[in-house]
There are 2 protein chains.
Amino acid sequence: MAGRRLFQDIADKIAAMIAEGAFPPGSRLPGERELAEKLGVSRVTVREAAIALQARGMVRIKTGSGIYITDRAVETVDDLPAVSAFELTEARALFESEAAALAAPIISDSDLAKLNALLNDMSHDDADAEQATASDREFHMTIAAASGNRAIIHVVNTLWRMRTELSEVREAHASICHHDGMTRQDEHGAIVKALEEHDAKGARLAMRQHFGRLLEAMLDANEQQELIELQRKAAESRERFLMSSRMT
Amino acid sequence: MAGRRLFQDIADKIAAMIAEGAFPPGSRLPGERELAEKLGVSRVTVREAAIALQARGMVRIKTGSGIYITDRAVETVDDLPAVSAFELTEARALFESEAAALAAPIISDSDLAKLNALLNDMSHDDADAEQATASDREFHMTIAAASGNRAIIHVVNTLWRMRTELSEVREAHASICHHDGMTRQDEHGAIVKALEEHDAKGARLAMRQHFGRLLEAMLDANEQQELIELQRKAAESRERFLMSSRMT
DNA sequence: CTGGCCAACTGTTCTGACCAGTTGTCCATT
DNA sequence: AATGGACAACTGGTCAGAACAGTTGGCCAG
């Protein structure tokens, strides 16, 4: 087992079992002791995984009784609307680019130092998916915060919550996350460079390209998986996005 | 008989400490061993609390290094954050312009008809401020909906809620609403015209100018009311926004 | 001054034990 | 036969201590 946190691994495994329908909503999971033995880890680790799943809202722990699958294990989080991974990425491409452009002229040296530190983090612990996601979040939130506009910060934060709290979106990202090992690093670097030069236009462009590439990766993944009918729809969407991107 | 899990109790205590400023954002929490002793619980419990806090995004755990407080730790948990009217308008200028650009190529004839009808409404019942605000809301939401992107729709809706539900923002709008009698009508007309021509770039520009003018009206109102010190700050903000607007 | 090593941190996981709440059963009482 | 309570066999919750692994900073040889 590599550097990745064990309990998160276990949590994902259990989540996968639930998604496969091994345990219907409302039913009880096997006991901690049984799960621990079956998964080859200690009971403590199983419980940490259960806590993580409870935080995601997939599961509810009842002391003395058991761990129960929530009705809305695959459903939407009530606070957030149901959106597809594509819609979310498109929205982030547009909004976060503007946030970066607004931040560029006034970003502080300490924020720039923080971004560089995060850049370094992400190049190191890319083996740990969860940790990399946390770094990614902080990267984007730091840029949003540098805009000094609380409305923008709130929006960017909400969009990120959609990415992590909506199961459909999270799964879509997981399926293509291995794509962007090097390129993501380069893209993040380009964003930071533009911010360092206080170049609003450049920061907007770099951020837009960052999401644009992610969007294309998602569309490609879709095209491989889905029917021709859906392919055409995706192609149209891509064309539309690229058209709206052409802002020179 | 608390029934409540111990680690949640500990998590709340740590969160309270952070909120009180005992640990500034970015700093490191005491080690697990020290915290366990200080709070009178075992290390396992401290760890579970840390996992829960990390799930909330208040904290970030780095293996071998420590537990670090996130910048967002002191942020309000309330539905809507406290934002100024200026921040909100700036955010809307950026985001809704992009929404309009995205909607332009694909907006339907029925949506265009709806916008024209609203345009007509607003020219008539300008005496009734409440009605005019409702029409204004429908105007902007229709454009957002025409983008076909639910994430964007949600964001635009949230921004509008800030405008009406945050008292400070609502009052700020009320004080300058009489400014935009004719001009607003023209601006809305320009937006619809660009949408009718399916001109993404034109729609973005028209929407941006619409909010840009509102922004200038707010800044002017501010300058009349506030001290010289604040004037300078506002002027800087204006310059910054105008700079980021120059996207040709 | 630099490079590498080492020691003193940090979090991570495991083990095995005991505590506490829940639930179903089964028997004594009514 | 019906009811009520005690009990046993679960469940999760917490603990202490140990061993492991990654990070960091200082110290020393080059």
Side-chain angles (χ1 to χ4, degrees), chain A residues 1-14 18 23 26-55 58-70 113-114 116-135 138, chain B residues 1-14 23 26-55 58-70:
Chain A
M1 303 299 178
R4 168 161 196 185
R5 294 276 262 116
L6 225 198
F7 81 83
Q8 291 172 343
D9 205 27
I10 299 299
D12 288 343
K13 275 183 186 166
I14 295 176
I18 294 174
F23 310 105
S27 68
R28 223 201 68 207
L29 238 49
E32 288 185 352
R33 293 163 178 84
E34 187 179 342
L35 275 177
E37 189 184 5
K38 201 167 290 181
L39 295 169
V41 297
S42 83
R43 227 181 110 216
V44 177
T45 302
V46 170
R47 221 141 52 57
E48 289 175 346
I51 290 171
L53 288 175
Q54 191 180 36
M58 296 188 66
V59 121
R60 189 173 159 216
I61 305 174
K62 291 189 69 174
T63 301
S65 178
I67 303 174
Y68 297 86
I69 286 92
T70 310
K114 190 172 170 189
N116 274 310
L118 286 168
L119 220 54
N120 212 27
D121 278 7
M122 288 186 273
S123 71
H124 285 326
D125 56 16
D126 53 353
D128 184 344
E130 192 90 4
Q131 205 73 355
T133 300
S135 295
E138 212 164 344
Chain B
M1 232 4 166
R4 186 184 165 78
R5 299 268 267 106
L6 223 201
F7 82 83
Q8 289 176 341
D9 210 27
I10 298 298
D12 288 343
K13 275 184 186 167
I14 295 176
F23 310 105
S27 69
R28 221 201 70 210
L29 237 50
E32 285 186 353
R33 293 161 178 85
E34 188 178 342
L35 274 177
E37 189 183 6
K38 201 167 290 181
L39 295 169
V41 296
S42 81
R43 279 185 62 211
V44 177
T45 302
V46 171
R47 152 185 309 285
E48 289 174 349
I51 291 171
L53 287 174
Q54 191 180 36
M58 296 188 66
V59 120
R60 193 178 154 208
I61 305 173
K62 291 191 71 173
T63 301
S65 177
I67 304 174
Y68 297 85
I69 286 92
T70 309

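To find a chain, count down the sequence lines: A is the first, B the second, and so on, and within it residues start at 1.
Between the CD1 atom of B:I51 and the P atom of D:dT14 there is a distance of 13 Å, rounded to whole Å. Distance B:L6 CG to D:dG13 P: 11 Å, rounded to the nearest Å. Going from atom CZ of A:R60 over to atom P of D:dT11 covers 19 Å, rounded to whole Å. The interatomic distance linking B:I67 (CD1) with D:dT23 (P) rounds to 16 Å, in whole Å. Atom CD of B:E48 and atom C1' of D:dT14 are 8 Å apart (whole Å). In this structure, CZ of A:R28 is placed 11 Å from P of D:dC10, rounded to the nearest angstrom. To the nearest angstrom, C1' of C:dT12 lies 11 Å from CD1 of B:I61. Counting to the nearest Å, the P atom of C:dT13 and the CD1 atom of A:I10 are 10 Å from each other.
If you check every strand for non-hydrogen atoms under 4.0 Å, A:E32 touches sugar and phosphate atoms only.
One finds a side-chain N or O of B:T45 lying less than 4.0 angstrom from the OP1 or OP2 phosphate oxygen of D:dC15.
A distance-only check finds a donor-acceptor pair linking the side chain of B:T70 to the backbone of B:V59 [under 3.5 Å].
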Audit row: A:S135, B:R60, side chain to side chain donor-acceptor pair (under 3.5 Å) steps and yes/no: CA-CA 9 Å; A:S135 295; B:R60 193 178 154 208; 2.7 Å; yes
Trace of the side-chain contact (heavy atoms from CB on, under 4.5 Å) decision for A:R28 with A:K62: CA-CA 10 Å; A:R28 223 201 68 207; A:K62 291 189 69 174; over 6 Å; no
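With sequence neighbours left out, the salt bridge (Lys or Arg N to Asp or Glu O under 4.0 Å) criterion links A:E34 to A:K38.
Interface remark: the A:R43 side chain does not form any donor-acceptor pair with the C:dG16 base, using a distance-only criterion of under 3.5 Å.
Of all heavy-atom pairs spanning A:A11 and A:L53, the tightest one is O-CD2, 3.7 Å. The shortest heavy-atom contact between B:A52 and B:F7 is CB-CE1, 3.8 Å.
The residue among B:V44 and A:G64 whose nearest nucleotide of DNA chain C is located toward the 5' end is B:V44. Residue order along DNA chain C, read from the 5' end via each residue's closest nucleotide, puts A:R33 first among A:Y68 and A:R33.
Non-hydrogen atoms lying under 4.0 Å from DNA chain C are contributed by nothing in residues 34-42 of chain B.
Rounding to the nearest 0.5 Å places OH of A:Y68 at 12.0 Å from CD1 of A:I61.
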